[in-house]
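Have a look at the structure below before the remarks.
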Amino acid sequence: ARPFRDVIFKKPRSYDVDSLAEFVIRYLNKNNFCVVDGVFSNKHLQKVLNEIKSLNSNGYLKVGRLSGGRTSGQDAFKLTKTEVRNDTIYWAEGTESRHPNVNKVVQKMDSVLSALNSHLQGEYYINGRTKAMVACYPGNGSYYRRHVDNPNGDGRVITCILYLNKDWNAKEDGGILRIFSAQDESCYVDVSPEYNRMLFFWSDRRNPHEVQPAFRTRYAITVWFFDKTERERAKEESALEGISTMKNELVVLDLERIENE
Ligand SMILES: Cc1cc(NC(=O)CCC(=O)O)nc(C)c1Br
Ligand SMILES: [Fe+3]
């Protein structure tokens, strides 16, 4: 059974942060992921894309780490680098003057997530995020092997991605993000990394995912949002080892401040 294949992604009623948050929480609760198209204006995204291309041509994007942020333990060495992923990445705080339009994307993600917080009461309390990861898959068949973002309770609860690829044709360009159902491996949803497409999904084991080989340069901006309790517990336990690479990219965000602004 492939309940999710070729799913038609609906659009929210309107694009104010509260309608977006309601739309996202409905699909997160229903399908564990949510696709929202058309959040940003074309004018703004064109500037974002230009900033990313100049970051790339100025050498700011470095070769990514092993999948799942594993940088230690014997299994990290079992998989050679090429077997796992070969995207190049740049971590943005979201305040750097060199990319003001990328910063606006991060601010939009923060505002949607802080609006989402009120719908997550009791389950999670999102009070922080990582830096924004600007990723580029060079179009040489580059891919990211199947993994779970947060398999061991490191605090990351929602993954938020914005794709920036104009006229992407998955049939020729590949680069599909395939999200597998945790219950039944043969069930999956294919998300084409199209321009102005946002994707939200639970970062834990509910969403094993992979990026299939891309044959055209593929850009995305990803932010992971933290649950307060899980994050504090992870700081005590060794789970932090799983994201030791992330700790120096952590932006502890006071989302209440955003709400009150
Ligand atoms: C660095 C890092 C990147 C990703 N990216 C994706 O899964 C690709 C999503 C997409 O581009 O469609 N995941 C983890 C767990 C880590 Br760590
Ligand atoms: Fe991932």
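Start at 1 and go down the list; that is how both ligands and their atoms are numbered. Along the sequence shown, residues are numbered consecutively beginning with 1.
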Candidate pair Asn165 and Thr217, rule side chain to side chain contact (heavy atoms under 4.5 Å, CB included), full reasoning = CA-CA 8 Å; Asn165 307 298; Thr217 306; over 6 Å; no

Where do Tyr124 and His119 land on the ring pair (Phe, Tyr, Trp, His ring centres under 6.0 Å) test, with the steps shown first?
-> CA-CA 9 Å; Tyr124 298 113; His119 298 273; over 10 Å; no

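Between the Fe ion (ligand 2) and the N, O or S atoms of Asp149, the shortest distance is to OD1.
Every atom of ligand 1 is numbered from 1 in the order shown, and the set under 4.0 Å from a heavy atom of Met133 is 1 (C), 3 (C). The distance from ligand 1 to the heavy atoms of Arg218 drops below 4.0 Å at these ligand atoms: 10 (C), 11 (O), 12 (O).
None of Phe201, Phe33, Tyr143 except one satisfies the ring-ring contact (aromatic ring centres under 6.0 Å, His included) rule with His209; the exception is Phe201.
At least one heavy atom of Trp224 sits less than 4.0 Å from an atom of ligand 1. The closest approach between a heavy atom of Val211 and any atom of ligand 1 is below 4.0 Å.
Smallest separation of non-hydrogen atoms from Ile126 and Ile158: CD1-CD1, 4.1 Å.
When rounded to 10 degrees, the angle formed at the Fe ion (ligand 2) by NE2 (His209) and NE2 (His147) equals 90°.
Residue-level proximity to ligand 1 for Ile161 is carried by the side chain, the only part with a heavy atom below 4.0 angstrom.
Checked by distance only, ligand 1 and Tyr163 come closer than 3.5 Å through their nitrogen or oxygen atoms. Close N/O approach between His209 and ligand 1 is found [any backbone or side-chain N/O within under 3.5 Å]. Annotation: Tyr137 places no N or O atom under 3.5 Å from an N or O atom of ligand 1; distance criterion only.
Annotation: cation-pi geometry not satisfied between Arg156 and Phe226 (NZ/CZ under 6.0 angstrom from ring centroid, within 45° of ring axis). Figure legend: Arg178 and Tyr188 shown as a cation-pi pair, the cationic atom lying under 6.0 angstrom from the six-membered ring centre and within 45 degrees of its axis.
Dense packing is recorded around NZ of Lys166, with more than 12 heavy atoms of other residues, nucleotides or ligands lying under 6.0 Å away.
Using bins of under 30°, 30° to 60° and over 60° for the plane-to-plane angle, the ring pair Trp224/Trp91 lands in the tilted bin.
Looking at Val191, Ile179, Asp149, it is Asp149 that brings a heavy atom closest to atom 15 (C) of ligand 1.
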